[in-house]
Engineer: 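Dropping the structure in here first, questions after.
All values derive from a computational prediction rather than experimental measurement. Residue numbering restarts at 1 for every chain, and letters A, B, ... go by the order of the sequence lines.
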Amino acid sequence: MKLLVCIKQVPDLESRFKPNAEGVWYNETDLAWRMNEYDEYAVEQAVQLREKLGEGTELTVLSIGPDRVVEAVKKALAMGADNAVHIQDPAAAGKDPWQIASIIAAYAKDKGFDIIFTGMQSQDRGSAQVGVTVAEQLGFSCTTTIVGFECDGGNITAKRELEGGIKSVVKMKTPALVTCQLGLNVPRYPTLPNIMKAKKKEITAIPVADLLKDEALATTASFHPPAKKGGGIVLEGDTGVLVDQLIAILKDKTAVLR
Amino acid sequence: MKTLLIGEYREGKLLDSTYELLGFASQLGAETAMLLVGSESQLPAYGGTLYLADVAACAEYNPDLHKQLILDAVQKENPDYIVFLHSSYGWDLAPRVAASLRIAQVSEITSIVEGGFEVGCCNAKMRRTVKPNSVRAVLTIQAGAFPVLQPGGAPQLQKVSAAGSGTLEFVGYEPAEKKDVDLGKAEIIVSAGRGIGKKDNVPVIAALAKALGGELGASRPVVDAGWVEHSHQVGTTGQTVSPKLYVACGISGAIQHLAGMKKSDFIVAINKDKDAPIGEVADVLVVADVMQFVPALTAKLS
Ligand SMILES: Cc1cc2nc3c(=O)[nH]c(=O)nc-3n(C[C@H](O)[C@H](O)[C@H](O)COP(=O)(O)OP(=O)(O)OC[C@H]3O[C@@H](n4cnc5c(N)ncnc54)[C@H](O)[C@@H]3O)c2cc1C
Ligand SMILES: Nc1ncnc2c1ncn2[C@@H]1O[C@H](COP(=O)(O)O)[C@@H](O)[C@H]1O
C-alpha cells in the first residue's frame, strides 16, 4: 500500500500574534514552530497502519511551506514515515485552502496513493477545508473528524465524532482520505535512535511553481485581534494579593461564597 | 441576494441549529430557500421553499448523495451563497460542494463585516476578514454565533431525490459515553485544562473544586491524554454546563470549549496568557501561573 500524510507547521499557539506589514496574516518573527496538533494524530495513525502492514508499504509525509517546515517533516520521519516531500513555498501562508489542496492533489494524482491522512483542521488557519478538497480533486472517498480507524485490505471502517460525543460509523473503500480529530490515538514521541535514523531518510524538495496552477478563490482582507468585549476584570500581580482580590469579588458578585 | 440554507437532521429529528441559518440569512438581508434531508414529519417552522429529500433513501450521512441534492438545488435556485452550519455535518459537506462548483468557501463565520466575513484564527486568539473572489460562495457559520430565528409557517415543499448509492456506507450511530457525573446540575465547576501541565497536578484542581463544594470539569486535551475521565469533559463533544460559578484553570478558551460553558453565571479564568480567548467570556481573568495560584486559593478557602 502507498500512504501519504499531509502536515502543516504552525506557530506555538501561546505566542502573541501581531499583524504582518500587509495586515493580512501574522508577523512570523519571534515565533516558535511545531507540527499542527491534529496532524500529529494523522501521522501516528499512518505510522500504526504502516507498521501493521509491514514490508511493501510506503509512507510518505508531505508539507508545503518555507524551509522551516522541514523541522516538522523530520519529526514525522522520526515518528516512522519512510520518506518525505517538501513543497517549497515561502509564500504558502498567503495561499487559500483551495490552492493548498490543489498543490497536494497535483503532487498526489499520479502516485497511486491508497490512503491519505490529513488533520481535521490547522490550528492557525482552521478552515477544515484542505483534506476534503484534496479528496474531491482526486476523486477519493473521504470522511472527516475521525476518532477511530481500521483498515482491512481495501476496506476502511472509520468512526466520526459528532456533537455531544455521539459517533457515527462509516465504511468506505480505498483510495480514500481521512481527516483526523484529536484523541484518535496517542501520538508517540520520537526516540533518539529514531531521530538519528530519520536523518538518513530522503526528503525530496519540489518548487511550488511546478505544481500550482490555480488562482486563489478567497482573499484575506485583514488580520486583527478580536474586538474587546470589555466588562471582565483583569487581575495581575502578587499571588497572595490576587487570592484576596478574587475572594472579595466572589463574595461580592456571586452567591457561592459567604 | 439569495441564500440556499442547508438544514440539519439527526437521529430522526430536525436540529434546532437549522434556525441559526435563518438568523444568519436575515442579518445578511438575503432571500432564502432551504434544503433538508429529513422527513415530512419534522418540517422546519419556516414559510419559504424547502427542497426535501427523504432520509430513508439518502441516509442521514451520505455526503455523495447529499452533495448531489445540493448541486441540483443550486441549479434551480441560483443562490449567491450556499450556507451550512460549521458542524460535523457542515464541515464535512461544504468543501465537497465548493470543490464541485470550483467556488470559494469561507469557514466558521462569526460575523458579517464591512468587506466580507469575519472568522476566527490562531485558536480563536485573532480574527480574519475573508472575501470570496468567486461570484458564488459556500459559507459555514459558527455554531451559536448567529441568533436563532424561527419565522413560523409551513414550507413550500419541493420533493427531491438523488440517484445512486455513493461511496460511503453509513453503518449507524454509537451513543456518547455514559456520564457518571452530571455536570449539567452542578452549581460550581472547576475545570482543568492543558495549562495544568501534567496528570499529577489534577488533584490540585480537584482540591479547589472540593473546597468550593463543586465538581471537577476538564477540557478535551486533558481527557484525551487520560488525565481525567471523559464524563468530566466540558464542550461541544462533552457536556454543556451553566453553573453559578465556573473556574477555568489553564484553559485557552477554544470555541468548542466555550460552547459548553459560556452560559455560566460567573466565569473566573486563571491563565498566564493575558490574551487567551477565555478572557472574552471571563468575568474575572487572573493572570497567574495556575499551579501557584490555585493551591494558594484553596488554602485560603479551607
Ligand atoms: C470538533 C471539535 C470538538 C471539540 N470538542 C471539545 C470539547 O468538547 N471540549 C474542549 O475543551 N475542547 C474541544 N475541542 C478542542 C478545542 O478546540 C481545544 O483544542 C481545547 O479546548 C484546548 O484545551 P485547553 O484550553 O485545555 O488547551 P490549550 O488550548 O493548549 O490551552 C492551554 C492554556 O493554558 C495556559 N497555560 C499554560 N501553562 C499555564 C500555567 N502554568 N498557568 C496558567 N495558565 C497556563 C495557556 O496560556 C493556554 O491558554 C474540540 C475540537 C474540535 C475540532
Ligand atoms: N501547508 C500545508 N502543507 C501540508 N498540509 C497542509 C498544509 N496546510 C494544511 N494542510 C493539511 O490540511 C489539514 C486541514 O487544514 P486547514 O484546511 O487549513 O484547516 C491540515 O491538518 C493538514 O493536514
Engineer: With side chains defined as the heavy atoms from C-beta onward, is the minimum distance between A/Trp98 and B/Arg102 less than 4.5 Å?
Structural biologist: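 Yes. Closest side-chain heavy atoms under 4.5 Å.
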Engineer: Quiz question: by atom type and distance under 3.5 Å, do the side chains of A/Glu161 and B/Ser88 form a donor-acceptor pair?
Structural biologist: no
Engineer: Given the options A/Arg16, A/Lys167, A/Glu215, which has more heavy-atom pairs under 4.5 Å with chain B than any of the others?
Structural biologist: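 Highest number of heavy-atom pairs under 4.5 Å: A/Lys167.
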Engineer: Under the criterion side-chain contact (heavy atoms from CB on, under 4.5 Å), I'd like the reasoning laid out for A/Leu257 against B/Leu212: C-alpha separation, chi angles, the key distance, then a yes or no.
Structural biologist: CA-CA 8 Å; A/Leu257 280 193; B/Leu212 283 166; 3.9 Å; yes
Engineer: What heavy-atom pair brings A/Glu163 and B/Arg10 nearest, and what distance separates the two atoms?
Structural biologist: OE1-NH2, 3.0 Å
Engineer: Under a 4.5 Å heavy-atom cut-off, does chain A meet the side chain of B/Val223, its backbone, both or neither?
Structural biologist: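 Interface part for B/Val223: neither.
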Engineer: Looking at CG of B/Asp283 and CD1 of A/Ile233, how far apart are the two atoms once the value is rounded to the nearest 0.5 Å?
Structural biologist: 7.5 Å
Engineer: For the NZ atom of B/Lys300 and the CD1 atom of A/Ile247, what is their distance to the nearest 0.5 Å?
Structural biologist: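 Answer rounded to 0.5 Å: 6.0 Å.
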Engineer: Just wondering, do B/Gln105 and A/Pro97 contact through their side chains at under 4.5 Å, heavy atoms?
Structural biologist: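 The answer is no, as the side chains (C-beta and beyond) never meet within the 4.5 Å cut-off.
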Engineer: With a 4.5 angstrom heavy-atom cut-off, could you sort out which part of B/Ser87 is near chain A: side chain, backbone, both or neither?
Structural biologist: both
Engineer: With a 4.5 Å cut-off on side-chain heavy atoms, are A/Leu250 and B/Val268 touching?
Structural biologist: yes
Engineer: Contact between A/Val256 and B/Phe266 at the side-chain level, heavy atoms closer than 4.5 Å - yes or no?
Structural biologist: no
Engineer: To the nearest 0.5 angstrom, please state how far the NZ atom of B/Lys125 sits from the CZ atom of A/Phe17.
Structural biologist: 5.5 Å
Engineer: Which one wins on heavy-atom pair count under 4.5 Å against chain B: A/Thr179, A/Thr133, A/Val234, A/Val10?
Structural biologist: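 Heavy-atom pair counts peak at A/Val234.
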Engineer: With only heavy atoms counted, which part of B/Glu118 is less than 4.5 Å from chain A, the side chain, the backbone, both or neither?
Structural biologist: side chain
Engineer: Quick one: pull up CD in B/Glu11 and CD1 in A/Ile166 and give me the separation to the nearest 0.5 Å.
Structural biologist: 4.5 Å
Engineer: So which part of B/Ile267 gets closer than 4.5 Å to some heavy atom of chain A, the side chain, the backbone, both or neither?
Structural biologist: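 Nothing of B/Ile267, per the 4.5 Å heavy-atom cut-off to chain A.
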Engineer: Would a 4.5 Å heavy-atom cut-off, applied to side chains only, mark B/Leu297 and A/Leu242 as touching?
Structural biologist: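 B/Leu297 does not reach A/Leu242 side chain to side chain.
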Engineer: With a 4.5 angstrom heavy-atom cut-off, is it the side chain or the backbone of B/Leu168 that approaches chain A, or both, or neither?
Structural biologist: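 Both backbone and side chain of B/Leu168 come within 4.5 Å of chain A.
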Engineer: Closest heavy-atom contact between A/Ala218 and B/Ala104?
Structural biologist: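 So the minimum-distance heavy-atom pair works out to CB-CB, 4.1 Å.
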Engineer: Considering only heavy atoms, which portion of A/Ala135 lies under 4.5 Å from any heavy atom of chain B: side chain, backbone, both, or neither?
Structural biologist: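 No part of it gets close to chain B.
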Engineer: Give the minimum heavy-atom separation between B/Thr237 and A/Leu162, together with the two atoms involved.
Structural biologist: CG2-O, 3.7 Å
Engineer: I'd like to know if A/Glu136 pairs up with B/Lys67 as an ion pair, taking the criterion as any Lys NZ or Arg NE/NH1/NH2 lying under 4.0 Å from an Asp or Glu carboxylate oxygen.
Structural biologist: yes
Engineer: Need one label for A/Leu184: side chain, backbone, both or neither, based on atoms under 4.5 Å from any heavy atom in chain B.
Structural biologist: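 Neither part, no heavy atoms under 4.5 Å.
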Engineer: Can you tell which part of A/Val147 gets under 4.5 Å to a heavy atom of chain B, answering side chain, backbone, both or neither?
Structural biologist: side chain
Engineer: Examine whether an atom of A/Glu37 lies under 4.5 Å from a heavy atom of chain B, and if so say whether it belongs to the side chain, the backbone or both; otherwise answer neither.
Structural biologist: side chain
Engineer: Do you know which of A/Gln123, A/Met172, A/His224 has the most heavy-atom pairs under 4.5 Å to chain B?
Structural biologist: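 Most pairs with chain B among the choices: A/His224.
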Engineer: Please look at B/His230 and chain A and tell me whether the side chain, the backbone, both or neither of the residue comes under 4.5 angstrom of a heavy atom of that chain.
Structural biologist: neither
Engineer: Are B/Glu174 and A/Val169 close enough that some pair of their side-chain heavy atoms sits under 4.5 Å apart?
Structural biologist: yes
Engineer: Closest heavy-atom contact between A/Ala128 and B/Pro95?
Structural biologist: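 Looking at all heavy atoms of both residues, the shortest contact is O-CG, 4.0 Å.
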Engineer: Looking at every non-hydrogen atom in both residues, tell me the closest pair between A/Lys171 and B/Val171 and how far apart they are.
Structural biologist: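 Where A/Lys171 meets B/Val171 most closely, the heavy atoms are CG-CG2, 3.8 Å.
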Engineer: Please name the pair of heavy atoms, one in B/Tyr61 and one in A/Thr144, separated by the smallest distance, quoted to 0.1 Å.
Structural biologist: OH-N, 4.4 Å
Engineer: To the nearest 0.5 Å, tell me how far A/Arg125 CZ sits from B/Cys122 SG.
Structural biologist: 10.0 Å
Engineer: Quick one, A/Arg160 and B/Asp92 - any side-chain contact, counting heavy atoms below 4.5 Å?
Structural biologist: yes
Engineer: Give, as side chain, backbone, both or neither, the part of A/Ser122 having an atom under 4.5 angstrom from any heavy atom of chain B.
Structural biologist: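 Neither part.
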Engineer: Are A/Lys173 and B/Thr167 close enough, and set up right, to give a side-chain contact (heavy atoms from CB on, under 4.5 Å), and what steps lead you there?
Structural biologist: CA-CA 7 Å; A/Lys173 292 201 185 321; B/Thr167 58; over 6 Å; no
Engineer: Kindly compute the distance separating OG (A/Ser222) from CD (B/Glu114), expressed to the nearest 0.5 Å.
Structural biologist: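 Reported to 0.5 Å precision, the distance equals 11.5 Å.
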Engineer: Give the member of A/Pro19, A/Ser127, A/Ala101 that has the highest number of heavy-atom pairs under 4.5 Å with chain B.
Structural biologist: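 Max contact count across the listed options: A/Ser127.
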Engineer: Would you say the side chains of B/Trp91 and A/Thr145 form a donor-acceptor pair under 3.5 Å?
Structural biologist: yes
Engineer: If I measure from the heavy atoms of chain B, does A/Asp214 come under 4.5 Å with its side chain, its backbone, both, or neither?
Structural biologist: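 Contact with chain B: side chain only.
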Engineer: Do the non-hydrogen side-chain atoms of B/Lys244 and A/Thr254 ever get within less than 4.5 Å of each other?
Structural biologist: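 Result no, sub-4.5 Å side-chain heavy-atom pair not found.
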